[in-house]
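Shown next, in structure tokens, is the structure this report addresses.
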Amino acid sequence: MPYEPDYSKYSLDELKQAATQVDRQKYPQRAANLDKEINLRDELSIESQKYPEPPAGEETGIVSQPAPPRPAEITFIFRGVAREYFRIWIVNLCLTIITLGIFSAWAKVRKKRYFYSHAFLDGTPFQYLAQPIPILKGRVIAVIGFLLYYLASTFFTSLLPYVLVAGLIAAPWVIVRSAAFNARYSAFRNMTFKFTGRYIDAVKVIYAWGIIPALVIAMIFSKQERAQLIVLGLIFFIFSLYFPWWIRGLKKFIIEYTSYGGRAGLFFASGGQFLKMYFTSGLIGLALMIPAAVVAGLVLTSLKESKAVFYVAIALIYVGYVVAYAYLQARSGNLVWNNIQLGPLRFKSTLKTFDLLKLYITNALGILSSVGLLIPWAVIRTLKYRTDNLKALPDGDFAEFQGSDLSNVAAAGAETMDIFDMDISL
Amino acid sequence: MTNINGQYYDGKRAVGSPAKILFEGEEAQLTTNIISVSYPIKELRVSPRIASARRFILLPDGAQFMSNDHPFFNSLPQESPSEGFVAWLEKRWAIALACVLIITSALLAGYFFGLPIAAKKIVSQIPLETEHAIGAEALGWLDKQKWFKPTALSVEQRQAVEGGFGWLNIDLPFQKYYHLEFRSSKMFGANAMALPGGIIVITDDLVNLAQDNQEVMAILAHEIGHVELRHSMTNVIQNSAVAATVATLTADAASLSAAVAGLPAILAQTKYSREFETAADDYAFSLLKQKYISPEKFASIMERLSEKYEKDIPSFAYISTHPLTRERINRARAAAADGPHE
């Protein structure tokens, strides 16, 4: 039995080379195999021109061909459809309620999978890889933590200081584990993200080398009321001045310890830029709240009986809050994304305050008037707006992302963030 | 024999290549323009179906094949088999409609029947002693905040109130747990409250506002009602359940519009709270009659309280923790007119 080469391992060039050299009289079977293999590959490259599904951005990725000119922008596109997501949402909600909450871990995975698999970069969808059971375990731990906090804050108030200190100690751990979990189970083109920040790194970032928690602990445990007030004032003063730099530090921490394909993120925004943003949002809020305060003052002094004016004042304060919030969401989204570099990619985010404001108001009206049935619709259109306003600006090739590390990460941190409703997203 | 076209990702670089997989018998033949590999089908893992999104086949060597969804994928080994059934449910409008109905009826039934019954069952398993530490702690905390100051009532006044209190609770199931505390408080004004574990606090202003001791006893009877009916523990259980349910329902909307998400919980919880007040009122009327005191006393002290405090406050029946005072007074008068209890 003569040796039969395994042509499936050959590259196309090697196959063509072999086809010209093979002795077709002596080895007809071998020649036929070669031709078959070549035909298969040819068919495939024809298919590959057909295959790239919408959108047009799908990489051709054929190494033997010259690379196409690099586009100036690569789009993020969200293809989720409200009607489709509604069914996913309602079925999973129903199962969660029937199982008294146990199914919520599965529900979370299903919903995340929907969001990820409908978010496309360069024509390829993202992938959510987490499994429900670890999430369920994480949720149990997080719920226990929340119960401890709840019991201490409502019943056993003398234990509250200890629970708060435990919370201060746990917070950096929660943030680090949450970022690690989210990164580990998010994938793009069969490569997962990775977060390498450690507990001690988070402590430095969150607690500014321990000054703030030291003050907080001093306040919690100091017996004298006056001392407590002074320390509280001090904390408030330091924190409000420091806040923009603190937020910037948190974002920088998350971004620069996150890597994809061996490339860690870089973050360029300065504390000054964050300060400007918070200052402006404060001014916007005030500009709307001052008239409200004036109106309220008028009510209290002269028009004692007019309740309507009083409610107008409350409404104005709420409007001021919502406008300031929309401004912050738009600006901070832009500020953060526009100052990230990940390997060969920079980003361009073009969120607008007015668009977000319209979105929030219509979402709230829709949800209220539909008794909540329009929640999926609101979720999808918000995600769509945010995703469609994000572009990647390539300064190199996706091939620069190489390698992927797959170690397991427990879900407890991420679920604690969920239960306490914390948000460290960009 | 099935042929599926897609993209191949080797897991080493963020670049894909066009590929196809040919499924034949036990084997899956993957071909790209560079490689052609054959895998046993049983070693493949297909990502769960989610709407019409693309699916991923995890290959035994860590590489991945991505393509549009194809019915054939459902016959391959699944990465997460349990999700297949959920995906089947998620595809159907009839199921979605059924879910809306199931959720609505489950929530209504749970809210009106299930939760109150379950809370009652749970509470009956928890002895009142366990609440005592909580109540003592709460009182200590209120004292520490200076919201409560020591009473300025004379010894005679206090003895009269204590006597009436003792007469009210003398043969009640929780008699040995009752404990009356006097406090003066600017913050609470004329008020009385039942803390967990049978501790009842009454303020100086309330004692002074009452025209006679029987009016004070009418208020105390209401607070005793809260204790006997185990309202503080029931309240905790019901409110936690409501908060958890609302949080689950609105989890997705929370980040969008926090203000919208909080409202349903408040509405649901205040309704329970109003029911507690009405139940404690009913308990008080019947207790007062047993002790030869007319519920009219409750009506008269409530009237005086509302004259003192409710002049400028608009009343919203649906977001208030207490029923409208007018209604409570009318119910007391009706109970008084109903004749003596025994």
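If you're wondering where the values come from, they're calculated on a predicted model, not measured in any experiment. By convention in this document, chain letters (A, B, ...) are assigned in the order of the sequence lines, proteins followed by strands, and residues within each chain are numbered from 1.
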Item checked: Closest approach of Phe398(A) to Ala14(B) (non-hydrogen atoms, all atoms of both residues) -> CB-O, 3.3 Å
Checklist line | Closest-packed option against chain B by number of heavy-atom pairs under 4.5 Å, given Pro125(A), Pro376(A), Ala399(A) | finding: Pro125(A)
Checklist line | Closest-packed option against chain A by number of heavy-atom pairs under 4.5 Å, given Trp93(B), Tyr8(B), Trp141(B) | finding: Trp93(B)
Notebook entry, point to check: Nearest 0.5 Å, what's the CZ-CG distance between Phe85(B) and Leu95(A)?
Noted result: 8.0 Å
Checklist line | Interchain contact, Val109(A) with chain B, by part (heavy-atom threshold 4.5 Å) | finding: side chain
Check: When rounded to the nearest 0.5 angstrom, what distance separates CD1 in Ile103(B) from CG in Leu373(A)?
Finding: 8.5 Å
Next item on the list: Answer with side chain, backbone, both or neither: which region of Ala87(B) has an atom nearer than 4.5 Å to a non-hydrogen atom of chain A?
Entry: both
Note to self: In the structure I gave you, are the side-chain heavy atoms of Thr124(A) and Arg54(B) within less than 4.5 Å of one another anywhere?
What the structure shows: no
Margin query: Please classify the contact between Ser117(A) and chain B as side chain, backbone, both or neither, with a heavy-atom cut-off of under 4.5 Å.
Written below: both
Margin query: Whether the side chain of Arg13(B) engages the backbone of Gln402(A) through a donor-acceptor N/O pair (distance < 3.5 Å, no angle test) should be reported.
Written below: no
Item checked: Validation row: Gln127(A), Gln64(B) side chains within 4.5 angstrom (heavy atoms) -> yes
Next item on the list: Report the distance from atom CZ of Phe103(A) to atom OG1 of Thr248(B), rounding to the nearest 0.5 Å.
Entry: 13.5 Å
Check: Who wins among Ile97(A), Leu151(A), Val81(A), Ile88(A) for the most heavy-atom pairs under 4.5 Å with chain B?
Finding: Ile88(A)
Checklist line | Residue among Gly62(B), Ala247(B), Cys99(B), Ala53(B) with most heavy-atom pairs under 4.5 Å to chain A | finding: Cys99(B)
Notebook entry, point to check: Given a strict heavy-atom distance threshold of 4.5 Å, which part of Arg55(B) is in contact with chain A: side chain, backbone, both, or neither?
Noted result: neither
Note to self: Just so I understand: if I count every heavy-atom pair under 4.5 Å between each of Thr245(B), Leu107(B), Val100(B) and chain A, which residue has the most?
What the structure shows: Val100(B)
Checklist line | Segment of Ser82(B) engaging chain A (4.5 angstrom heavy-atom cut-off) | finding: side chain
Item checked: When Leu58(B), Asp10(B), Leu89(B) are compared by non-hydrogen pairs under 4.5 Å with chain A, the top option -> Leu89(B)
Next item on the list: Calculate, to the nearest 0.5 Å, the distance between atoms CG and NZ belonging to Asn190(A) and Lys12(B) respectively.
Entry: 9.5 Å
Margin query: With a 4.5 angstrom heavy-atom cut-off, is it the side chain or the backbone of Ile102(B) that approaches chain A, or both, or neither?
Written below: side chain
Next item on the list: State which residues pass ring pair (Phe, Tyr, Trp, His ring centres under 6.0 Å) with Phe73(B); sequence neighbours excluded, sorted by chain then number.
Entry: none
Check: Should Tyr116(A) and Ile50(B) be marked as a side chain to side chain contact (heavy atoms under 4.5 Å, CB included) after you check the CA-CA gap, both sets of side-chain angles, and the distance that decides it?
Finding: CA-CA 10 Å; Tyr116(A) 276 58; Ile50(B) 180 95; over 6 Å; no
Check: Are side-chain heavy atoms of Glu79(B) and Gln131(A) found at a separation under 4.5 Å?
Finding: yes
Check: Got more than 12 heavy atoms from elsewhere within 6.0 Å of NE2, His132(B)?
Finding: no
Notebook entry, point to check: Just wondering, more than 12 heavy atoms not from Arg83(A) lying within 6.0 Å of its CZ?
Noted result: no
Next item on the list: Could you tell me whether the side chain of Tyr9(B) reaches within less than 4.5 Å of the side chain of Met191(A), counting heavy atoms only?
Entry: no
Checklist line | Which atoms of Leu97(B) approach chain A - backbone, side chain, both or neither, heavy atom under 4.5 Å | finding: neither
Note to self: So Val86(B) and Arg110(A), do their side chains get closer than 4.5 Å, heavy atoms only?
What the structure shows: yes
Notebook entry, point to check: Which atoms of Ile98(A) come close to chain B, meaning under 4.5 Å heavy atom to heavy atom: side chain ones, backbone ones, both, or neither?
Noted result: side chain
Check: Which residues pass the ring pair (Phe, Tyr, Trp, His ring centres under 6.0 Å) test with Tyr114(A), sequence neighbours left out?
Finding: Tyr85(A), His118(A)
Check: Top residue by heavy-atom pair count (under 4.5 Å) with chain B, among Arg113(A), Glu84(A), Lys111(A)?
Finding: Arg113(A)
